[in-house]
Structures are given as structure tokens and as C-alpha cells.
Novice: 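Take a look at the following structure, please.
Convention: sequence-line order gives letters A, B, ...; per-chain numbering from 1. Basis for what follows: all heavy atoms, side chains included, without hydrogens, waters or symmetry-related copies.
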Amino acid sequence: MYIRDIAQYEGKEIELKGWVANRRDSKGLVFINLRDGSGLVQCIADQSKLSETEFNNAGKLGLESAISVKGIVVKDERQIGGFELQVLSLHVYQFAEEYPIAKKEHGIDFLMDQRHLWLRSQRQWAIMRIRNTIIYSIHQYFQKEGFVQMDAPIFTGNACEGTSNLFETDFYGDPAYLSQSGQLYGEAMAMAFGKIYTFGPTFRAEKSKTRRHLSEFWMIEPEIAFCDIHQNMDIIESFLQFVIKQVLENCQAELKLIDRDTAILESSLEAFPRLTYDEAVAIIKGEKDVNGQNSIKSLEDELAAVNEQIIALESEITEREEKIAVPGMKKGEINFNQTKIVQLKQALKDAEETQRNIPQWLASAKNFEYGNDLGGSDETVITRLFDKPIMVYDWPHEVKAFYLKRNPEHPRFARGVDVLAPEGYGEIVGGGERETDEQMLRSKITEHDLPMEAFEWYLDLRKYGSVPHAGFGLGLERLVTWMCKLKHVRESIPFPRMYGRLLP
RNA sequence: UCCUUGAUAGCUCAGCUGGUUAGAGCGAGUGACUGUUAAUCACUAGGUCCCUGGUUCGAGCCCAGGUCAGGGAGCCA
């Protein structure tokens with residue numbers, strides 16, 4: 001019996017097992033918010049309906065104590081799920097020790113240290129359930145489209161794209177690296193099965209400290225034989241839209257719990273704009289407007305808005321501080337104002353950080369040098385102008401991986417495609433059409449200063465039935481982060497691994 | 001690796017221009033209250049002011065070096 005099914009049992013007696021998410025008492029009454037992993041329900045322990053021991057135990061329950069209760073389900077519109085439980089008997093599995101996560105705001109470092117417990121909180125529960133729906137619908141999409149799920153190795157002997165820093169391990173005395181992409185193996189498997197996808201962990205040893213990086217994350221990499229860049233973009237679009245639709249249909253409650261405004265998810269069900277690199281650069285530099293919006297001007301407007309917001313926050317803080325300094329105010333009102341002041345100061349800190357960042361982004365956008373890869377801030381700048389993901393394709397070949405095919409009409413462009421999520425989230429997918437010509441690949445491998453012998457098996461794929469093919473890599477955590485509109489990827493995975501974070 | 005912001009009670013923070021015995025709220029403990037939603041009210045306990053060195057009659061506050069953390073750049077999904 002789980003809380004999520006409680007509506008079917010109105011007026012009936014049921015048994016629930018779970019943890020105490022909150023407890024309050026009053027004379028003769030104890031209110032217990034019970035959490036069982038499937039949902040939350042308030043249980044009322046009434047002195048007149050319980051034995052003395054049971055009632056005393058109810059009053060002693062600390063947060064996260066484990067209990068089971070039997071009782072009658074009663075409809076009550078005031079409650080979270082619309083129902084509450086009138087307790088008839090209560091069994092205690094364990095009285096929990098003092099729980100470190102208080103019913104109050106905490107700093108991120110503290111919460112990350114308590115990640116094993118933080119996962120129990122409502123917001124994390126909602127995020128992880130959305131993550132689960134995303135994973136499930138990814139499999140549903142590919143399975144219904146006839147893709148075969150296959151796994152690329154995690155230990156590899158070579159740095160596949162020769163770019164990222166890899167984690168080195170000892171493989172029976174030889175150096176081996178943790179995989180940073182299953183891409184090349186995906187191509188081999190696609191030549192065997194036509195359409196495949198991998199879904200596995202990926203490792204990057206970058207000392208990145210930003211809101212979009214993890215050292216260990218999950219990547220989905222489909223690879224399709226007989227597919228060009230445009231068909232590849234069609235697949236990316238229909239795939240992402242399927243996932244978004246599933247989340248919208250199945251996670252309404254979770255989205256509401258985390259206050260996700262779903263307007264952008266809904267508009268993402270319309271066709272994604274497809275821009276060439278040249279068009280994207282023109283937009284970033286402010287040479288070309290989008291829907292009447294200019295990137296440079298919108299940044300400047302935001303900076304002005306942030307400046308105003310800072311002044312407003314500062315004056316509200318001063319005002320409230322002066323108010324509580326006057327003697328005679330009731331304690332409850334002082335508390336309320338103090339809590340408010342703490343929140344306002346946090347908002348002020350965030351605003352000041354934005355205030356420091358925007359000028360850097362502006363400078364980066366204005367001085368963007370044609371031919372470079374888009375930086376994190378450039379992605380932020382461009383995606384703020386759209387209400388759905390955008391696809392940028394045909395990149396200068398120098399900035400992209402060696403295995404990408406050239407545009408046959410304009411060989412200075414490689415047929416890569418990046419999908420940038422809206423609302424400033426940036427790259428969630430990177431992919432493209434692969435080079436099919438063996439000699440071309442050999443010269444690119446030499447050009448990138450990569451060890452030829454490590455790629456001989458890969459080059460074999462171009463000797464035996466080389467065909468046009470394409471694929472892409474989706475960063476699961478980045479998709480979860482955007483869809484939940486999280487501030488940081490670290491909240492999108494149960495136990496994040498990042499620079500400086502190996503525990504818990 | 002670079003730029004930037006920070007570290008004070010279990011947690012979130014205040015602490016003025018360097019000045020006597022370092023504060024609040026939450027949490028914990030005790031008590032009051034029969035409908036609470038982070039309940040409320042009263043009382044109690046709770047401190048290596050990140051570390052090392054320096055300046056000073058005097059340092060939580062100033063200076064130097066370090067550690068850890070937040071944000072950004074680079075790199076990327």
C-alpha cells in the first residue's frame with residue numbers, strides 16, 4: 001500500500017510504512033507528515049484513539065523516524081494530496097537521531113555533504129522522478145523506432161577525440177582511460193545493426209567549476225546508418241519532442257512541485273529553428289535580430305534591469321531592518337521579517353553575480369571572432385532569444401572533431417550539429433554526419449596529432465561497406481537540468497561527481 | 001590554469017571606523033496549547049570567529065601566505 005494510491009481508499013482502513021517528513025503537536029494531537037517514497041500524507045494521531053504508549057511514541061518522533069501506521073483515509077481538501085489518515089495504531093521501526101537537514105533553507109555546500117539525505121526532500125524527489133521519466137521515454141522512443149540498445153566499453157586505450165582530459169587508470173599494467181564518448185564504437189555497431197543507441201556513463205577530467213559540468217555523467221548516443229545531417233536533425237527533433245511530451249503528460253505534479261513554468265516546454269513541441277554557424281554568429285554579434293530581439297541590446301537591457309533590481313532589493317532590506325529595530329514589534333513578526341531579509345540578501349547576492357557576469361558576456365559577444373567555437377556565454381546569449389531549442393549546424397571544420405564529414409559544397413564547414421536549450425542553458429546535444437572517406441580521415445587524424453594505430457579498427461569501417469551515417473550525443477543531466485530549470489547540473493543526478501566532490 | 005566572491009553556534013546569517021563579557025533566527029532539550037502545514041509562546045544548553053604568520057597597547061575586523069567553497073572563463077554533453 002503506497003501513498004500515491006490513497007485516493008482509492010477513502011473511508012477504508014489501510015496500513016502505510018514510511019518516514020516522518022515533519023511532525024507538529026498540540027494538546028492531545030500529533031500531526032505527522034508521512035513520506036513513503038511514492039508521496040506525502042498527513043497522519044493525525046489522536047490521544048483518544050491510541051494506547052498511551054503509542055501516543056507518547058508519536059510525540060517523540062524526530063524527523064525521518066521510520067514508522068508504520070494503520071488508520072482510516074479521510075478526505076480533507078486542505079491537505080497536499082487531498083486526503084489525510086486518522087491513525088488507529090502506530091508502530092515505530094526506529095526513532096531517528098537529530099536530523100541534520102532542518103525545515104529551513106540551507107547552503108549548497110552543506111546540502112552536497114548531506115546528499116545521501118538530501119535526496120529524501122520533496123524537491124529532490126520531484127527532480128529524480130522527472131529524471132526517471134526522461135530515461136524511460138528515451139528508451140521508449142528508440143525502441144519503438146527500431147534502434148538496438150548496445151553498450152560501448154568504458155575502458156578505452158585511446159583518447160577518442162583527442163580533446164578532453166581523461167581519467168587514467170591502470171589496466172593490467174597498461175594505461176587505460178575512462179571513456180569520454182562511445183561515439184566511435186557506436187559507428188561500428190551501427191554498421192552491424194543499422195540503428196543503435198548507447199546509454200552509459202561518461203567521464204571527463206576537466207577541472208571545471210561551472211553550473212553545467214560534471215566529471216561523471218550519463219550520455220545517450222544514437223548512431224544511424226544511411227543518414228545525413230538533415231535526417232539526423234529530424235531525428236534529434238522528434239526524439240527530444242517525444243521526451244518533452246512524455247514529461248509534460250506524466251510529471252505534472254512533479255513539475256508543479258518544483259515550480260517549473262511549462263510554457264517553454266510546450267513551445268518546444270514546435271519545430272526547432274535550424275541555423276547555420278554563420279547565422280548564429282551574426283545573431284550573437286548583434287548583426288541580425290531574432291523575432292525583433294537583438295542579442296546585444298537584450299543583454300544591455302538585462303544589465304539595466306539587474307542594476308535596478310539591486311537598488312530595489314537594497315532599499316527593501318534597509319527598510320525591513322529599520323522596521324524590526326523599532327522596539328515593540330511582536331516576535332512572530334520580527335521572525336517573519338528576519339527570514340525575509342535573509343532571502344532578500346540571497347537574491348541580492350545572485351543579482352550582484354549576474355551584474356558581474358553580464359559585462360563579460362557582452363564583451364565576449366561583441367568581440368566574437370568568426371571561426372571560433374561558441375563559448376558558454378555565447379550559447380547563453382543566443383538561446384535567450386528563442387522559446388525552444390535551436391540547432392546550429394555547419395561549423396568551421398577546425399573547431400570540430402576529426403571524424404565529422406565536410407559539407408560537399410562548402411568544404412570549410414564540417415557537418416556537425418549542436419542543440420542549444422533555451423533559457424540560457426546551452427548545449428544539450430552534440431552530433432553530426434560522419435566522414436566516410438578513409439584517406440580524409442587519415443589526414444585529419446594526422447592533423448590532430450592522434451596515434452594512427454589506435455584508429456586502425458575504426459578506419460576498417462570505411463573499407464568494408466562505408467555508407468553515409470550520422471548520430472549524436474545527448475547529455476542526460478543537461479537535459480534534466482533544463483527541463484526542470486535547475487540552477488546547476490549537480491541537482492540532476494543522485495550522487496554528482498565533480499571537481500572537488502567525491503563524497504558522499 | 002586564470003578572474004571574482006566568500007568562510008563567525010548543528011544550520012542560515014548579523015557583527016559599524018580595530019576597543020571591555022561575540023549576537024539573532026531556525027534546529028535541539030523542558031514546559032504551555034485540541035486542527036497544525038517551516039505552527040505559536042516561555043525558558044535552557046550550545047563558539048578553536050577556516051589555518052599559519054605578521055602589524056598593534058588591543059584583531060572576528062587590517063596585512064601576507066595557505067586551505068576549502070560559490071560563480072564565471074577555457075573545455076565540453
Side-chain angles (χ1 to χ4, degrees), chain A residues 21-33 40 42 44 46-48 62-63 76 78-80 84 97-114 161 163-165 180-181 183 202 204-215 217-221 321 324 330-332 334-343 345-346 349-350 352-361 363-364 372-380 399 401 418-421 425-431 472-482 487-490 499-501:
Chain A
N22 197 6
R23 194 207 78 215
R24 297 167 294 282
D25 30 60
S26 198
K27 181 157 185 158
L29 285 177
V30 176
F31 301 94
I32 298 162
N33 279 12
L40 205 62
Q42 172 163 282
I44 290 93
D46 188 327
Q47 192 164 21
S48 64
L63 291 188
D76 186 338
R78 291 171 295 181
Q79 301 310 324
I80 305 163
E84 63 178 19
E97 292 178 26
E98 187 184 333
Y99 192 61
I101 300 179
K103 297 175 282 183
K104 186 181 163 99
E105 286 176 53
H106 290 282
I108 190 65
D109 192 35
F110 174 78
L111 288 171
M112 287 305 309
D113 283 340
Q114 307 294 331
E161 300 178 27
T163 50
S164 299
N165 294 319
Q180 57 139 6
S181 167
Q183 148 80 44
T202 302
R204 306 263 166 102
E206 297 291 348
K207 291 183 179 175
S208 297
K209 283 172 80 89
T210 79
R211 61 183 69 200
R212 36 158 92 82
H213 287 90
L214 291 169
S215 302
F217 61 96
W218 289 74
M219 192 151 70
I220 294 89
E221 293 181 282
E321 276 174 342
I324 59 170
K330 276 187 195 158
K331 201 170 170 192
I334 292 174
N335 282 353
F336 174 79
N337 276 294
Q338 260 168 355
T339 307
K340 198 80 193 169
I341 287 168
V342 169
Q343 285 169 356
K345 284 193 176 172
Q346 190 56 53
K349 267 189 186 170
D350 289 349
E352 283 170 345
E353 209 143 70
T354 312
Q355 189 185 39
R356 281 194 293 271
N357 287 336
I358 290 180
Q360 294 176 32
W361 297 352
S364 159
N372 287 350
D373 203 351
L374 302 192
S377 67
D378 305 312
E379 291 178 359
T380 306
V399 302
D418 282 1
V419 178
L420 309 179
Y425 279 88
E427 190 170 357
I428 53 171
V429 168
F472 60 94
L474 166 77
L476 175 66
E477 285 74 19
R478 287 201 179 164
L479 181 63
V480 174
T481 303
W482 166 58
K487 278 181 138 180
H488 198 296
V489 270
R490 72 188 142 208
Y499 183 54
R501 172 64 62 184

Novice: Does A:Ser215 or A:Arg211 map to a spot on RNA chain B nearer the 5' end, using the closest nucleotide for each?
Specialist: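 Closer to the 5' end of RNA chain B: A:Arg211.
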Novice: What does A:Gly375 touch in the nucleic acid at a heavy-atom separation under 4.0 angstrom: a base, only the sugar-phosphate, or nothing?
Specialist: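 The answer is sugar-phosphate, as A:Gly375 gets under 4.0 Å only of primed atoms, P, OP1 or OP2.
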Novice: Is there a side-chain contact between A:Arg212 and A:Thr481 (heavy atoms, below 4.5 Å)?
Specialist: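 The answer is no, as the side chains (C-beta and beyond) never meet within the 4.5 Å cut-off.
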Novice: Whole Å only: how far is the CG atom of A:Asp350 from the P atom of B:G72?
Specialist: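 Going from A:Asp350 (CG) to B:G72 (P), I get 11 Å.
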Novice: Per the atom types in the model, does the base of B:C68 pair as donor or acceptor with the side chain of A:Arg501 at under 3.5 Å?
Specialist: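 There is none.
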Novice: For A:Val429, which contact category applies under a 4.0 Å heavy-atom criterion: base, sugar-phosphate, or nothing?
Specialist: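 Sugar-phosphate only.
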Novice: Measure from the side-chain heavy atoms of A:Arg212 and tell me the nearest of B:A73, B:G72, B:G70.
Specialist: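 Per side-chain heavy atoms of A:Arg212, the pick is B:A73.
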Novice: Please check if the side chain of A:Asp113 supplies one atom and the backbone of A:Phe110 the other of a donor-acceptor pair under 3.5 Å.
Specialist: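 No: the side chain of A:Asp113 does not pair with the backbone of A:Phe110.
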Novice: Can you give one letter per nucleotide of nucleotides 30-37 of chain B, 5' to 3': B if a protein heavy atom sits under 4.0 Å from the base, S if only from the sugar-phosphate, - if neither?
Specialist: ---BBBBB
Novice: Check whether any side-chain heavy atom of A:Asn22 lies under 4.5 Å from a side-chain heavy atom of A:Leu63, and answer yes or no.
Specialist: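 Answer yes - side chains close enough.
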Novice: Rounded off to whole Å, could you give me the CG-to-C1' distance for the A:Leu214 and B:C75 pair?
Specialist: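 Going from CG in A:Leu214 over to C1' in B:C75 covers 14 Å.
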Novice: Whole-Å distance between B:C26 C1' and A:Ile101 CD1?
Specialist: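 Going from A:Ile101 (CD1) to B:C26 (C1'), I get 15 Å.
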Novice: Could you walk me through whether A:Glu352 and A:Lys349 satisfy the salt bridge (Lys or Arg N to Asp or Glu O under 4.0 Å) test, starting with their C-alpha distance in whole Å, then the side-chain angles of each, then the deciding distance to 0.1 Å, before giving a yes or no?
Specialist: CA-CA 5 Å; A:Glu352 283 170 345; A:Lys349 267 189 186 170; over 6 Å; no
Novice: To the nearest Å, give me how far apart CD (A:Glu427) and C1' (B:A77) are.
Specialist: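 My rounded result for the distance is 6 Å.
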Novice: Give the rounded distance in Å between these two atoms: CD of A:Glu477 and C1' of B:C76.
Specialist: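 Taking CD of A:Glu477 and C1' of B:C76, I get 14 Å after rounding.
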Novice: Identify whether any heavy atom of A:Ser377 sits under 4.0 Å from a base atom; if not, whether one sits that close to sugar-phosphate; answer base, sugar-phosphate or nothing.
Specialist: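 Sugar-phosphate: the residue A:Ser377, judged by heavy atoms under 4.0 Å, touches backbone atoms but no base.
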Novice: Nearest heavy-atom pair of A:Trp218 and A:Glu477: which atoms, and what distance?
Specialist: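 Heavy-atom minimum between the residues: N-OE1, 3.0 Å.
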Novice: How many whole angstroms separate atom CD1 of A:Ile220 from atom C1' of B:A77?
Specialist: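 So the CD1-C1' distance, A:Ile220 to B:A77, works out to 10 Å.
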Novice: Could you tell me how far apart A:Leu374 (CG) and B:G74 (C1') are, to the nearest whole angstrom?
Specialist: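 For the pair A:Leu374 CG and B:G74 C1', the rounded distance is 14 Å.
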Novice: What string of B, S and - do you get for nucleotides 1-13 of chain B, 5' to 3', when a contact is any protein heavy atom under 4.0 Å?
Specialist: B--SS-----SSS
Novice: Stepwise, does the side-chain contact (heavy atoms from CB on, under 4.5 Å) test hold for A:Lys487 with A:Ile108?
Specialist: CA-CA 11 Å; A:Lys487 278 181 138 180; A:Ile108 190 65; over 6 Å; no
Novice: So what does A:Leu476 touch, heavy atoms closer than 4.0 Å: a base, only the sugar-phosphate, or nothing?
Specialist: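 Result for A:Leu476 = nothing.
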